[in-house]
Peer 1: 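After the structure tokens below, expect a handful of questions from me.
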Amino acid sequence: MLLVTGVSGALGSLVAARLAGRADVVLGTRAADTADTAGAAEASRASDTADAGAEASRMARAALPGTRRVDFDAPETLPEAFAGVDTLLLVSAGYGEDDTVAARHGAAISAAERAGVRHVVYTSLSGDGDHLAYALAHRWTERRLQRSTTLDWTILRNGLYAELLAGLAAPDAENRITGPLGEGRLAAVAREDLADVAVAVATDPAAHRNRVYELVGERPLGGAELAEALGATYAPGTLADARAAVAASGAVPFQVPMVASTYSAIAHGFLDGTGVASDLRALLGGREPLDALDVFVKAVREG
């Protein structure tokens, strides 16, 4: 049996929708039933930066069958949740300080070991993302899995979402993109593609035993190109301005360095895809990945 965690989130809900109706799949969320899952979707929707598929994801979540309660902040929920599970698709619970995220993931992996889970598939962060403020918890989780003496594992190193660019590079009221992307580019990847890969791997885990896959986009996008696609002007500001704007927006403290480091890593050329060899197309069965620019434009216009 396959258990998918985080199905009230943006990526997890897409995975869950693809697996709907399968008797060998169970879904995990902090909410224990369909109605609560729909409510959790609203919270996820509010916190999910510029998610072009938010409404579709919300509707999909609300239509899901009953789920198991999986709360990484309440480890006592995990033995029952993991009972009978052979494969765990651990969707990163990476929204928090490093110690919080590491504790969540550590609890999940330890519970999986005790429950006799055979294989964990983990949605991590691309290998060129080590300069990002939120990379540490991902690398810690990878190391924890690789050191397990009982678990097989697969690590899906997801690139940054094309949908995320709709928040980082949305035009302002004067139709200017002022996000400090500099001359850098982002090898963004569509969340839909990452969901397809996660399903392919998690439903055939033995074929991907103890593998690390890099999943970044094939078309790196820069600020000028984003602006042109929207008929906007590219007028990048400074990192200091962006940091101040995020801090003034009511963001919680850990969010400020997350956003600032994302801008900085893009601007300084660390996320353009040249630092890793992408496995995306191969894991999509050879099909063409979705066009990241089209996904960005759609997200801005629908957001």
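Quick note: numbers below take in every heavy atom, side chains included, and nothing from hydrogens, waters or symmetry partners. Sequence positions, counted from 1, serve as the residue numbers for this chain. Note that this is a predicted model, so its numbers are computed, not measured.
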Peer 1: Hey, is the main chain of G231 close enough, under 3.5 Å, to the side chain of N175 for a donor-acceptor pair?
Peer 2: yes
Peer 1: Assess, by modelled atom type and distance only, whether the side chains of E113 and S148 contain a donor and an acceptor separated by less than 3.5 Å.
Peer 2: yes
Peer 1: With the 4.5 Å side-chain cut-off for hydrophobic clustering, are L156 and L3 part of the same group?
Peer 2: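 No, L156 does not connect to L3 through the hydrophobic network.
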Peer 1: For the atom pair NE2 (H105) and OG1 (T100), what is the distance rounded to the nearest 0.5 Å?
Peer 2: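 These two atoms lie 11.0 Å from each other.
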Peer 1: Starting at CZ of F296, measure out to CZ of R301 and round the result to the nearest 0.5 Å.
Peer 2: 9.5 Å
Peer 1: Nearest 0.5 Å, please: how far is CD in E163 from CG in L168?
Peer 2: 12.0 Å
Peer 1: Is the closest side-chain heavy-atom distance between Y122 and I109 below 4.5 Å?
Peer 2: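 Heavy-atom side-chain distance check fails, nothing below 4.5 Å.
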Peer 1: Below 4.0 angstrom, N of the basic side chain to O of the carboxylate: do E288 and R281 qualify?
Peer 2: yes
Peer 1: L194 and L293: same hydrophobic cluster, using ILVMFWY side-chain contacts below 4.5 Å?
Peer 2: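 In one cluster: yes.
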Peer 1: So L2 and V4, side-chain contact (heavy atoms from CB on, under 4.5 Å) or not? Walk me through it.
Peer 2: CA-CA 7 Å; L2 167 63; V4 182; 4.1 Å; yes
Peer 1: Are V297 and I177 linked, directly or through other ILVMFWY residues, by side chains that come within less than 4.5 angstrom of each other?
Peer 2: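 Same hydrophobic cluster.
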Peer 1: What is the minimum heavy-atom distance between A267 and P180, and which atoms define it?
Peer 2: CB-O, 3.6 Å
Peer 1: Are side-chain heavy atoms of L221 and L186 found at a separation under 4.5 Å?
Peer 2: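 No, every pair of side-chain atoms sits at 4.5 Å or beyond.
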Peer 1: Decide whether W153 and Y213 are clustered together by the hydrophobic rule: side chain heavy atoms of Ile, Leu, Val, Met, Phe, Trp, Tyr closer than 4.5 Å, transitively.
Peer 2: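 Hydrophobic grouping puts W153 apart from Y213.
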Peer 1: Is there side-chain contact between R118 and L151, with heavy atoms separated by less than 4.5 Å?
Peer 2: no
Peer 1: Tell me, yes or no, whether the heavy-atom count around R18 atom CZ, taken from other residues, nucleotides or ligands under 6.0 Å, exceeds 12.
Peer 2: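 Yes, because the 6.0 Å sphere around CZ of R18 holds more than 12 heavy atoms from other groups.
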Peer 1: If you group Ile, Leu, Val, Met, Phe, Trp and Tyr by side-chain heavy-atom gaps below 4.5 Å, do F270 and L164 land in one group?
Peer 2: no
Peer 1: side-chain contact (heavy atoms from CB on, under 4.5 Å) with R157: which of V216, V212, L215?
Peer 2: V212
Peer 1: With a 3.5 Å distance limit and no angle check, can you tell me whether R243 reaches the backbone of A260 through a side-chain donor-acceptor pair?
Peer 2: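 Side chain of R243 to backbone of A260, a donor-acceptor pair under 3.5 Å: no, none is there.
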Peer 1: Can you establish whether the number of heavy atoms outside E183 located under 6.0 Å from its atom CD is more than 12?
Peer 2: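 For E183, atom CD is not crowded (no more than 12 foreign heavy atoms under 6.0 Å).
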Peer 1: Kindly determine whether V117 and D86 satisfy side-chain contact (heavy atoms from CB on, under 4.5 Å), including the steps that lead there.
Peer 2: CA-CA 5 Å; V117 173; D86 300 306; over 6 Å; no
Peer 1: Give the minimum heavy-atom separation between L88 and T5, together with the two atoms involved.
Peer 2: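 Nearest heavy atoms, L88 then T5: CD1-CG2, 3.6 Å.
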Peer 1: Between N158 and V189, is any pair of side-chain heavy atoms under 4.5 Å apart?
Peer 2: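 No, every pair of side-chain atoms sits at 4.5 Å or beyond.
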Peer 1: Do E225 and Y234 have side-chain atoms, one donor and one acceptor, less than 3.5 Å apart?
Peer 2: no
Peer 1: Using the side-chain contact (heavy atoms from CB on, under 4.5 Å) rule, take D291 and R219 through it: C-alpha gap first, then chi angles, then the decisive distance, then the call.
Peer 2: CA-CA 8 Å; D291 188 284; R219 179 183 182 182; 2.7 Å; yes
Peer 1: Calculate, to the nearest 0.5 Å, the distance between atoms CD and CG belonging to E214 and D128 respectively.
Peer 2: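 That separation rounds to 7.0 Å.
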Peer 1: Which heavy-atom pair separates T154 from N210 by the least distance, and what is that distance?
Peer 2: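 Heavy atoms only, the tightest pair is OG1-N, 4.4 Å.
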Peer 1: Taking the side chain as every heavy atom from C-beta outward, state whether L125 and L132 have any pair of such atoms under 4.5 Å apart.
Peer 2: yes
Peer 1: Within this structure, what is the CG-CG distance for the pair L19 and L27, rounded to the nearest 0.5 Å?
Peer 2: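 One finds 7.5 Å between CG of L19 and CG of L27.
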Peer 1: Evaluate the side-chain proximity of R104 to D73: yes if any heavy-atom separation is below 4.5 Å, no if none is.
Peer 2: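 Touching, per the 4.5 Å side-chain cut-off.
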Peer 1: Kindly give the heavy-atom pair with the smallest separation between G223 and L181, and that separation in Å.
Peer 2: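 Here G223 and L181 meet closest at CA-CD1, 4.1 Å.
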Peer 1: Just so I know, are the side chains of L280 and V197 near enough to count as touching, which here means a heavy-atom distance under 4.5 Å?
Peer 2: yes
Peer 1: Taking all atoms of both residues into account, what is the closest heavy-atom pair of V295 and A190, and its distance?
Peer 2: CG2-CB, 3.9 Å
Peer 1: Of H138, R139, Q146, which is the lone residue that meets side chain to side chain donor-acceptor pair (under 3.5 Å) with E142?
Peer 2: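 So the option named by the test is R139.
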Peer 1: First locate atom OG1 of T123, then atom CG of L11, and finally report the distance between them rounded to the nearest 0.5 Å.
Peer 2: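 Atom-to-atom, T123:OG1 and L11:CG are 6.0 Å apart.
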Peer 1: Using only heavy-atom distances, determine whether the side chains of S110 and R144 contain a donor-acceptor pair under 3.5 Å.
Peer 2: yes
Peer 1: Please determine if D204 and R209 form a salt bridge, counting it only when a charged side-chain N lies under 4.0 Å from a carboxylate O.
Peer 2: no
Peer 1: On a heavy-atom basis, which atom in A198 and which in V15 lie closest, and how many Å separate them?
Peer 2: CB-CG2, 4.1 Å
Peer 1: Given the side-chain rings of Y134 and F254, with only the six-membered ring counted for Trp, is the space between their centroids under 6.0 Å?
Peer 2: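 No, too far apart.
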Peer 1: Distance-only, no hydrogens or angles: does the Q255 side chain make a donor-acceptor pair with backbone N or O of V252 under 3.5 Å?
Peer 2: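 Flag set: sc Q255 to bb V252 pair under 3.5 Å.
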Peer 1: Taking the side chain as C-beta and beyond, is there a heavy-atom pair between D196 and R287 under 4.5 Å?
Peer 2: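 Contact flag for D196/R287 side chains = yes.
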Peer 1: If you measure from the Lys or Arg side-chain nitrogens to the Asp or Glu carboxylate oxygens, is any gap between R69 and D71 under 4.0 Å?
Peer 2: yes
Peer 1: Ignoring hydrogens and geometry beyond distance, is a side-chain donor-acceptor pair present between H131 and S264 at under 3.5 Å?
Peer 2: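 Result is no, nothing qualifies.
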